[in-house]
Amino acid sequence: MGGPSTIPEVHDFLSRLFHDHDLIPLPFQSILAPVIARRRTPQIEKQYTDIGGGSPILKWTKLQGEEMCKLLDELNPETAPHKPYVAFRYAKPLTEDCLEAMKADGVTRAIAFTQYPQYSCSTTGSSLNELYRLAKKDGYGDNGSIQWSVLDRWPTNEGLVEAFAHNVKTALQQYPEERRKDVVVLFSAHSLPLEIVNRGDPYTAEVAATVHAVMTKLNFSNPYRLTWQSKVGPKAWQGPQTASAIEGFAKIGKKDVCLVPIAFTSDHIETLYELDIEVQEEAEKLGIHLTRASSLNDSPIFIRAIADLVSNHLKDFEAGKIGPTGQQLSLRCPGCTNPKCGKTKEWLATGGTGNQVAA
């Protein structure tokens with residue numbers, strides 16, 4: 001999604017977010033979205049002020065990409081040099097900014113590599129739809145001007161799981177040894193409106209797969225649960241909400257809880273404000289000793305993981321073992337109501353040429 005790097009960028013970020021029907025389906029969206037964005041701007045500006053004046057997500061994403069490419073140059077010298085470009089959905093650099101930079105550099109081969117480990121039509125799907133729309137509109141990126149392939153999900157990637165598990169172990173060290181094994185490991189992921197979940201969107205299942213893989217890596221050392229955060233508006237969203245779960249644990253006497261942001265690859269407002277300030281304040285009122293596992297940020301384990309993931313993808317693609325997209329991306333949700341999804345998936349399956357690929 002990206003995030004505003006400065007306070008003046010907040011309104012435009014919110015406006016783009018609430019205009020995106022893939023993420024937040026609203027009736028009369030073109031009318032309601034500007035109203036909601038305008039009303040929420042002062043509150044969200046204050047939140048970004050409280051975490052230092054802007055989101056650090058661009059800083060972390062650029063660092064991760066640059067360090068990944070240094071490793072890729074060693075792992076895959078035959079396709080070097082490698083260069084990362086950032087395309088955020090709602091904050092600069094936007095997809096159009098990314099494509100402009102790629103065009104200026106003369107890029108003809110690219111991997112669309114989602115930084116959401118778990119796929120949702122509302123997140124990765126929305127970004128891919130935007131890539132397709134702009135490539136078709138402007139020409140660059142379409143008709144074979146770029147040979148595309150896609151890394152659209154990686155929820156149980158071995159390195160990702162290891163990086164999460166390492167950070168959980170480190171966080172658990174903050175508890176006395178005699179209490180450590182009873183600490184509740186509370187995984188928290190960005191929620192989705194239930195109308196999206198009920199279409200057959202794979203996100204909740206893939207988040208659960210990541211959680212299970214991390215706990216397997218930890219030998220199920222602690223009791224754990226998966227909860228959801230960042231609900232917006234009056235509609236029903238996937239639950240239980242993280243804050244409500246902590247309140248529930250307090251009622252049943254579970255006073256040691258370790259939060260783990262499991263669907264994010266770096267810090268931003270959902271971790272730094274929602275978890276570290278809002279949820280932490282509520283936990284303190286309830287007498288809960290709440291800690292949080294660090295986000296992946298500049299984790300060398302994580303950076304090596306994404307380098308290995310891209311390295312293997314490149315090698316398999318060049319060897320003809322895989323096509324531009326995987327089997328899962330080609331499958332639309334059984335309750336899909338968005339014709340854009342089908343067109344985007346078909347286009348990506350051709351590597352951006354628009355030509356049909358023989359089965």
Side-chain angles (χ1 to χ4, degrees), residues 60-88 93 95 98-99 101-119 123-125 127-128 130-132 135 140-163 206 210 213 265-266 296 298-331 344-355 357-359:
W60 290 125
T61 305
K62 288 173 75 172
L63 182 147
Q64 290 165 347
E66 289 163 2
E67 294 302 311
M68 175 192 73
C69 284
K70 289 178 186 177
L71 290 172
L72 277 175
D73 287 347
E74 298 176 10
L75 294 168
N76 296 56
E78 65 279 5
T79 52
H82 305 88
K83 183 175 179 179
Y85 297 84
V86 178
F88 285 147
T95 307
C98 175
L99 287 173
M102 291 170 66
K103 185 177 182 179
D105 286 347
V107 173
T108 58
R109 170 73 175 102
I111 300 171
F113 180 22
T114 182
Q115 293 307 289
Y116 303 102
Q118 306 92 1
Y119 182 91
T123 53
T124 298
S127 288
L128 293 176
E130 182 72 352
L131 174 63
Y132 169 71
Y140 177 69
D142 189 26
N143 297 320
S145 54
I146 296 179
Q147 181 184 50
W148 292 98
S149 60
V150 184
L151 275 167
D152 61 293
R153 71 198 74 204
W154 34 293
T156 56
N157 173 267
E158 186 177 347
L160 174 73
V161 170
E162 183 181 350
E206 293 190 8
T210 307
T265 57
S266 65
L296 300 176
D298 58 351
S299 160
I301 301 172
F302 173 70
I303 290 169
R304 179 64 196 221
I306 58 176
D308 285 341
L309 183 59
V310 175
S311 172
N312 291 332
H313 176 88
L314 278 168
K315 289 174 181 175
D316 288 347
F317 186 84
E318 296 302 319
K321 294 179 180 179
I322 60 172
T325 60
Q327 290 276 37
Q328 276 293 78
L329 185 62
S330 65
L331 182 66
T344 297
K345 290 171 185 286
E346 289 171 6
W347 178 75
L348 288 169
T350 71
T353 64
N355 299 320
V357 177

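Quick note: numbers below take in every heavy atom, side chains included, and nothing from hydrogens, waters or symmetry partners.
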- With side chain to side chain contact (heavy atoms under 4.5 Å, CB included) as the test, would you mind laying out the steps for Y119 and L329 before giving the verdict? CA-CA 9 Å; Y119 182 91; L329 185 62; 3.8 Å; yes

- Query: I306 and F113: side chain to side chain contact (heavy atoms under 4.5 Å, CB included), yes or no, with the steps?
  - Reply: CA-CA 10 Å; I306 58 176; F113 180 22; 3.9 Å; yes

- Let me see the working for D105 and Y85 under side chain to side chain donor-acceptor pair (under 3.5 Å), right down to the final yes or no. CA-CA 11 Å; D105 286 347; Y85 297 84; 2.5 Å; yes

- Kindly determine whether Y132 and L348 satisfy side chain to side chain contact (heavy atoms under 4.5 Å, CB included), including the steps that lead there. CA-CA 8 Å; Y132 169 71; L348 288 169; over 6 Å; no

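Taking CH2 of W60 as the reference point, atom OG of S299 lies at 10.5 Å (rounded to 0.5 Å). Put simply, CG on L131 and OG1 on T124 are 12.0 Å apart, with the number rounded to the nearest 0.5 Å. Atom CZ of F302 and atom CG of N157 lie 9.0 Å apart (nearest 0.5 Å). Going from atom OG1 of T325 over to atom NZ of K345 covers 8.5 Å, rounded to the nearest 0.5 Å. Atom CD1 of I303 is separated from atom CG of D308 by 12.0 Å, given to the nearest 0.5 angstrom. E346 CD to S330 OG: the interatomic distance, rounded to the nearest 0.5 Å, is 10.5 Å.
The stretch residues 150-163 participates, sequence neighbours left out, in these salt bridge (Lys or Arg N to Asp or Glu O under 4.0 Å) pairs: R153-E206.
Residues satisfying the side-chain contact (heavy atoms from CB on, under 4.5 Å) criterion with N143, sequence neighbours excluded, are absent altogether. Scanning for side-chain contact (heavy atoms from CB on, under 4.5 Å) contacts around D316 gives K321, I322, with sequence neighbours left out. With sequence neighbours excluded, the residues satisfying side-chain contact (heavy atoms from CB on, under 4.5 Å) with Q147 are R109, F317. For Q64, there are no side-chain hydrogen bond (donor to acceptor under 3.5 Å, both in side chains) partners two or more places apart in sequence or in a different chain.
Side-chain contact between M102 and I146 is present, with at least one heavy-atom pair separated by less than 4.5 Å. Counting only heavy atoms from C-beta outward, the side chains of S127 and T95 never approach each other to under 4.5 Å. Between Y140 and S145, the closest side-chain pair of non-hydrogen atoms falls below 4.5 Å. Using a 4.5 Å heavy-atom cutoff, the side chains of T61 and F88 are in contact.
The two atoms that bring A213 and V161 nearest to each other are O-CG1, 3.4 Å, heavy atoms only. C98 and A87 get closest at one heavy-atom pair: CB-CB, 3.7 Å. Between H313 and I111 the shortest heavy-atom distance is CD2-CD1, 3.6 Å. Listed here is the closest heavy atom pair of W154 and L160: O-CD2, 3.4 Å. When all heavy atoms are compared, the tightest approach of I301 to G159 is CG2-O, 3.9 Å. Closest heavy-atom contact between D142 and A135: CB-O, 3.4 Å.
Other residues, nucleotides and ligands place no more than 12 heavy atoms under 6.0 Å from the NZ atom of K103.
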For a quick test of your reading: what N or O donor-acceptor pairs under 3.5 Å do the side chains of residues 66-79 make, sequence neighbours left out?
| from | atom 1 | to | atom 2 | distance (Å) |
| --- | --- | --- | --- | --- |
| E67 | OE2 | K70 | NZ | 3.0 |
| D73 | OD1 | H82 | N | 3.0 |
| D73 | OD1 | H82 | ND1 | 2.7 |
| N76 | OD1 | S311 | OG | 2.5 |
| N76 | ND2 | S311 | O | 3.3 |
| T79 | OG1 | N76 | O | 3.3 |
| T79 | OG1 | H82 | NE2 | 2.8 |

